[in-house]
Amino acid sequence: MSVAELRAAFEVAHQHLGAAVHHARTASDRLSEAAEEFADLSRDHQRSLVPPELARAEELLERLLGTLSEGAEAIGVFAASL
């Protein structure tokens, strides 16, 4: 594989990671909206209606966003060094 082909492959990988970050951010925003809705609904109840899994999902998405961002940065650094 030539250096040009390698750079092109890194660019494709970088684009895919960028799309994954976008989708993960969208999912995170939607989970936050859902948490707010559940919290609003919970005001009229004695106990919270917010599913405990919701907070865990938000936490996992934040970790995923960090990992995806680190991966995109690593690919960018490596590709720039070629």
Q. Quick one: side chain to side chain contact (heavy atoms under 4.5 Å, CB included) partners of R43, sequence neighbours excluded?
A. D40

Q | Listed once per pair and sorted, the ring-ring contact (aromatic ring centres under 6.0 Å, His included) pairs that draw on residues 28-82, sequence neighbours left out | A | F10-F78

Q | All side chain to side chain donor-acceptor pair (under 3.5 Å) counterparts of E59, not counting sequence neighbours | A | R56

Q.
Going by the rule side chain to side chain donor-acceptor pair (under 3.5 Å), which residues pair with E11 if we only count those two or more places apart in sequence or in a different chain?
A. Q15

Q.
If the condition is salt bridge (Lys or Arg N to Asp or Glu O under 4.0 Å), which residues does R63 pass it with, not counting sequence neighbours?
A. none

Could you list the donor-acceptor pairs under 3.5 angstrom formed between side-chain atoms of residues 1-9 and any protein atom two or more places apart in sequence or on another chain?
residue, atom, partner, partner atom, Å
S2, OG, E5, N, 3.1
S2, OG, E5, OE1, 3.4
E5, OE1, S2, N, 2.8
R7, NH2, L82, O, 2.2

**Q.** Hydrophobic cluster of V77, others only, ordered by chain and residue number, side-chain cut-off 4.5 Å
**A.** none

Q. CG/L61 to CG/L65 distance, rounded to the nearest 0.5 angstrom?
A. 6.5 Å

(Q) So, using side chain to side chain contact (heavy atoms under 4.5 Å, CB included) as the criterion, who are the partners of A35 when residues are at least two apart? (A) L54, E58

Q: With sequence neighbours excluded, tell me which residues meet salt bridge (Lys or Arg N to Asp or Glu O under 4.0 Å) with E53.
A: none

Anything under 3.5 Å between a donor and an acceptor, one on a side chain of residues 23-34, the other on a protein residue two or more places apart or in another chain? List them.
residue, atom, partner, partner atom, Å
T26, OG1, H22, O, 3.0
S28, OG, E62, OE2, 3.3
S32, OG, S28, O, 3.2

Q. Side chain to side chain contact (heavy atoms under 4.5 Å, CB included) with S48: which residues, sequence neighbours excluded?
A. S42, V50

Q | side chain to side chain donor-acceptor pair (under 3.5 Å) contacts in which one or both residues fall within residues 69-80, not counting sequence neighbours | A | none

